[in-house]
A.B. asks: 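Shown below is the structure under consideration.
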Amino acid sequence: MMAVTWKMSWRSSHSCSFPCNVKDPLEPQRIRNFRIDHLRSKNACKVLDKIAQRINLSVSELGIAHIATGSEKGIINDTDFGEISGTIYDACQEQGVNAMPGLLYWEGNLIDKKYITGQLSYYSREGNLGVGKICHALLIKTGICGDTIVGTALVNMYAKCGEIHSAMMVFNGMHSVDVASYNCLISGFLGNGMFDEALGFFAEMGVREIRPNHYTYSIMISGCGSVLAIDEGIQLHAHAVKLQYVLNGVVANSLLTLYCKFGMMEDAHSLFQSLPEKNIVSWTAIISGLYQQRAFEKALLQFYLMRQNGLEPNEHTLTIALSCCGGVKQFDNGYALHAQLVKNGMDSGVFVGTAIIDMYTELGQMDNAGKQLQGMGTIASVVSWNALIAGFVHNDKIEEALDSFHKMLVENVPSNEYSFSIILKACSSLPSLSTSKQIHCWVVKANFERNLHIASSLIEAYAKCGNLHDAENVFYQISMPDIVSWNCLVKAYSQHGYFRKALSLFRKMVVEGIKPSSSTFLAVLSSCSHCGIVQEGKELFESMLMNYNIIPEDTHYSCMVDLFSRSGQLEDALDFIKRLPIKPTASIWRPLLAGCRCHSNVQLGEYVAKRILELESHDASVYVTMSNMYFEVGRLADVVKQRELMTLKEVKKEPGYSWMEVKSKTYKFFSGDKTHPQTPEIYDLLEKLMIDFKDTNHDSSNMSAPHTQPGQNHDRKLLYHSEKLAVCFGLLNLPAGTPIRVYKNIRVCSDCHETMKHISKLSKRDVILRDNYRFHHFKQGGCSCGDFW
DNA sequence: CTAGGGTTAG
């Protein structure tokens, strides 16, 4: 892709280190003073590992509470604290985590319980298990870990760091536990998705006569929200009413969030109304609930109401409000809010700043989004960059997306898995194989290969760029492919025209115990439709609901109509539509119209056209198809009439549609009979046609030569037209009698004119089917003028 | 020890 002027390679990427999130290295001078010199020569990590191993031993086999001091039991031998301090500092550096400033004074302060719990709380927030474990070691050494508060802090540390098993060990070994200890443990279970265990310990509190407090209820209720346990949540609500906890702000707010999560807005509202004191979190919960329901206007209304009630929004509220402004697709709200934020100086935070970027991308105002990112300067995070890049991709500004990605790399913003996922989507939209390959290299280098999202994006990108082989390779390198990975490959086969392969991969997937999803069926049904295997398609469609409990959507119905129509069973298609449980949409009718044209059923075509126009009166494809259909049966007067109608109704013809004519000449081919569908004569004719196109369009087009100005869209236009070019070849394996569509705006690469050569060498295998039209790729290299192909 | 927010793949 020539428009991508930057080149990424293994060599150039070497200077950019990947995502090491080093936060401000604190007071290095102070730390240096405390460091023991001989430590520099030691491998700090090894020491850390050793200590960690010993701690695991102590947690699992001995039980912390029974240990008077670690040194007595030989858990930590003669390690002096100075050495441990140095090790902790190295560990912090290693893991990119801020070591607490006071850390190195531990030597003198170890007896202070309050201080040590503060340290533990800090490391639990940071999620630094390694340093947390060293804290644990120090506690064992001094023998103060038998204390309830210290023990609770340890439970919390392990729980927050995801080592729930160790948390439980510490908990079980404690001499005495209180509500707080239970709260920490329960919160840990819920944070690790272990709802049943949380519920078990919650029940145990009653048995041990430790009365749950409002924190306990708050934790439990929000846990219900995350595992979608609404029944339990309602029961807890009842409990909370009985214990008179509901009017407590924290419990009420977690209940509000729970109800909003389940879309139970009435319950949320009545609870909200009953609150004597609504704080900012209560309002935010309601606004967020409405936002999740996509009721953007209502959410904004609440937002204004809140301010009328004298509450000023905080960062949380503002981000949602901004998202709502993006959602309503009206500029006024967004501008007004943004202006206010600038005035208050609240637009400078990362979260709000990113939400502003996101809002502008939603509104399609990429200039403003870019300005916002620029204005944020160094505070812009990965997320901010990702939001901007995703915005470019969604607004179909692919080259800008690639440019931004490049800029992000240049500015040393550490990329994360989201960045790669979205930039791969950009590659597949272009589509550019060489860029995809470059990004793939970066993925490997950044050690994101094992990320399922990225792997799926890679499969998609390779498939869209025509490199089915590499798409397969990526898939087979995934150790545990999920449903999305499977879908990507099934879809890739389907899009490349390997329908049988798509179907057999689908069966393999089912055998391996993966439950197909809605998207799977879309790919599979489409395969059946293109293969013409109606019966199997019908059975698969029925099994969707019967065996997999997937409710068919419009797109599935559309596929089924296509299945019948393509194979000529027009009446069955009509019957299918009439028996649908929903009102048929234009997209459901459309494949039938295409079928009518293919099989020259003018009468039914007219009926279907009417239905579509009833639903979407400005659908240009209807007029174009009807006109072409009339043309094919020789009703030239009706051809003219369709065009007049279209002008009359001011229907705008979108790019991509073509009338059935090429200048004054008309070409119409049939793909021969079924036994010999691809005769040399057809190739000859088509080749002649190509030359014709080349001659007639070379200078008349308003497009200049591709690859001239980076950042312009020439490459895409070229590809777009080469898709059309490939149409001529792509239809070769369609049923006999299928008219070949001819387009007049086909261009060849005007730099090298090599398209012709490639096209003539093109085999059926190289032609990729994509929906109703096809595009091609060339396996080796491409035109001599660039890496475009 | 507690509630609320921003970016991905099909």
A.B. asks: How does protein contact run along nucleotides 3-10 of chain B, one letter per nucleotide 5' to 3', with B for base contact, S for sugar-phosphate only, - for none, heavy atoms under 4.0 Å?
C.D. replies: BBBBBBBB
A.B. asks: Looking at residues at least two apart in the chain, or sitting in another chain, which of them share a side chain to side chain contact (heavy atoms under 4.5 Å, CB included) with R450(A)?
C.D. replies: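 Checked R450(A) against side chain to side chain contact (heavy atoms under 4.5 Å, CB included); zero matches.
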A.B. asks: So, using ring pair (Phe, Tyr, Trp, His ring centres under 6.0 Å) as the criterion, who are the partners of F475(A) when residues are at least two apart?
C.D. replies: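 In terms of ring pair (Phe, Tyr, Trp, His ring centres under 6.0 Å), with neighbours along the sequence ignored, F475(A) is linked to W486(A).
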A.B. asks: Whole Å only: how far is the CG atom of N248(A) from the P atom of dT2(B)?
C.D. replies: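 Value for this atom pair: 14 Å.
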A.B. asks: Partners of V227(A) by side chain to side chain contact (heavy atoms under 4.5 Å, CB included), sequence neighbours excluded?
C.D. replies: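 Expected list: F195(A), A229(A).
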A.B. asks: Under the rule for side chain to side chain donor-acceptor pair (under 3.5 Å), what residues qualify as partners of E312(A), not counting sequence neighbours?
C.D. replies: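 In terms of side chain to side chain donor-acceptor pair (under 3.5 Å), with neighbours along the sequence ignored, E312(A) is linked to no residue.
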A.B. asks: Output all residues satisfying side chain to side chain contact (heavy atoms under 4.5 Å, CB included) with A355(A), sequence neighbours left out; order by chain, then residue number.
C.D. replies: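 Testing A355(A) for side chain to side chain contact (heavy atoms under 4.5 Å, CB included), a comparison that skips the adjacent residues, returns T319(A), L322(A).
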